[in-house]
Amino acid sequence: METLTEKILIQKTEDSRLSSETLHNIPFGRIFSDHIFIATYNNGTWQDLKIIPYGNLTMAPAMAVLHYGQAVFEGMKAYKSATVETLIFRPDANFRRINQSAHRLCMPPIPESVFMEGLTELIRLDSGWIPESEGSLYIRPLYFANDEFIGLKPSTHYTFIIMSCPVGAYYSEPVKLIVTDKYIRACEGGTGAAKCAGNYAASLLADKEAKALGYDNVIWLDGVHKKYVEECGTMNLAFVINNVVVTPQLTGTILEGITRDSVLKLFRDQGVEVEERLISIEEVAAAHDQGILQEAFGMGTAATIAQVSKIGYQGRDLVLPPISERKYAPSILEQLEAIKTGKAPDPYNWICKI
Ligand code: COI
């Protein structure tokens, strides 16, 4: 990692919002830690690196991101170990992915030193916000265009921010998903693999319609045949069929999930058969009807591993076996949480201690 030549200026808050109550029963994404890291890119140089109290930003109405959506982001989590060390899960993978997303949106790469040192300094300063049990500190890096210009072109000014919030579960219950073929999330050559704001904005109408029908979210199908399972929008998906973990392959149209990658590694290393391939929704329905669809689950940073309880498809519900009868996803969730919190060894070097 190149080292940062510019010092990060730290302006500490004099009025911390952290109290003993803050870290209990935490809703996802509504409470924010005391500080943010912010860096600006101006015509080829990264500058003005600072940590400041969490607060509003000023922006011009003509700010490019507001018009054309040149914005990417990430999600990662920090945990406290039993010895109260701060552990961040796979930040190197998030660093790589934000730059892949940035490349797709024609944004300059963020230097590793800006990302890693900004992250480290911020989380050290706000480490008191990491829940010590049942929860984690969700870290949200975001990166957007801020030219004051409404002609369509890549910006020459950008802002990179890291903010964080203590969180509990994203889904507190097993999720109910419904297959949509009315809308598509991504097509080959599009932005499906990028973690860009526009992908999430474009998912909201389908999500709203799913909720109106009593489901939590949708299962997206491929944009060409409307046949193959892609992802859920908040997380990647996997199915256990006849003791084989089957998950959609990375074709460039789905997010290359870091939780997905971690889960598949753990399964494989334990001798569980894993298949990354095209999986049609018809195959999932047929497996359900034959009684060999043992589990379905989502994988994401916010969601961790979320059990799927039913899948709405063609006017009926494919009801999955009760959670108590499942063994694959619950066991891998436990193992993953143990690694993340330092309770189990970390043979993959996933943990960054700060
Ligand atoms: C994450 O899992 O980190 C995400 O960004 C998903 C988002 C819907 C919360």
Side-chain angles (χ1 to χ4, degrees), residues 26-33 69 71-79 88-102 104-105 115 119 123 130-131 135-144 160-173 175-177 180 183 185-186 191-208 210-211 215-220 230-238 247-248 250 254-264 297-308 329 332-333 336-337 340 350 352:
I26 323 165
F28 186 94
R30 294 198 184 276
I31 298 167
F32 305 102
S33 72
V72 298
F73 68 97
E74 270 305 322
M76 62 189 135
K77 278 180 174 169
Y79 300 81
I88 306 181
F89 188 67
R90 303 191 70 178
D92 51 331
N94 293 90
F95 165 68
R96 280 193 296 277
R97 193 172 62 183
I98 200 167
N99 276 338
Q100 283 162 12
S101 303
R104 180 62 185 82
L105 266 69
F115 187 95
L119 172 69
I123 302 307
I130 306 174
S136 55
L137 188 70
Y138 182 79
I139 304 168
R140 170 55 63 85
L142 66 152
Y143 180 30
F144 54 87
F160 173 57
I161 290 177
I162 308 179
M163 54 185 278
S164 76
C165 46
V167 295
Y170 191 83
Y171 293 114
S172 50
E173 298 288 330
V175 293
K176 306 183 275 299
L177 303 178
T180 178
Y183 307 104
R185 179 182 172 276
T191 59
K195 202 161 173 66
C196 59
N199 286 347
Y200 293 79
S203 74
L204 293 174
L205 182 58
D207 184 51
K208 182 178 165 187
K211 287 196 168 84
Y215 296 87
D216 299 299
N217 211 328
V218 298
I219 292 183
W220 296 100
E230 295 256 289
E231 56 154 272
C232 155
T234 51
M235 51 193 184
N236 295 110
L237 289 171
T247 192
L250 301 176
I254 67 174
L255 190 78
E256 300 188 7
I258 295 163
T259 306
R260 172 191 182 279
D261 179 71
S262 313
V263 164
L264 299 189
F297 57 94
M299 301 163 283
T301 299
T304 61
I305 293 178
Q307 305 288 347
V308 176
I332 230 70
L333 173 60
L336 199 54
E337 291 302 295
K340 287 172 167 183
W350 282 339
C352 170

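Counting starts at 1 for both ligands and their atoms, in listed order. Note: hydrogens, waters and symmetry copies are ignored here, and every other heavy atom, side chains too, is used. What you see is a predicted model; the values in this text were computed from it and never measured.
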Ligand-side contact atoms (ligand 1) for residue partner F73, heavy atom cut-off under 4.0 Å: 5 (O)
Side-chain H-bond candidate by donor/acceptor type, T234 with Y171, under 3.5 Å: yes
Ring center gap for Y170 and Y138 short of 6.0 angstrom: no
Sub-4.0 Å atoms of ligand 1 with respect to non-hydrogen atoms of Y170: 8 (C), 9 (C)
Parallel, tilted or perpendicular: rings of Y143 and F160 (30°, 60°): perpendicular
Under 3.5 Å: N/O of T234 near N/O of ligand 1: no
Subset of ligand 1 atoms that lie under 4.0 Å from at least one heavy atom of A302: 1 (C), 2 (O), 3 (O), 9 (C)
Pi-cation contact, Y79 with K340 (under 6.0 Å, within 45°): no
Nearest non-hydrogen protein atom, atom 1 (C) of ligand 1: Y138 OH, 3.3 Å
Numbered atoms of ligand 1 (with element) below 4.0 Å of G75, judged on heavy atoms: 3 (O)
Charged N-O contact under 4.0 Å between E74 and R97: yes
Polar side chain donor-acceptor pair, N199 to T191, under 3.5 angstrom: yes
Contact summary for P141 and M76, nearest pair of heavy atoms: CG-CE, 3.5 Å
Check: G233 N/O within less than 3.5 Å of ligand 1 N/O: no
Numbered atoms and elements of ligand 1 in range of T301, under 4.0 angstrom, heavy atoms: 2 (O), 3 (O)
Residues E230 and R185 bridged, charged N to O under 4.0 Å: no
Which segment of K195 sits under 4.0 Å of ligand 1 when only heavy atoms are counted: side chain
R140 N/O to ligand 1 N/O under 3.5 Å: yes
K77, portion touching ligand 1 at heavy-atom distance under 4.0 Å: neither
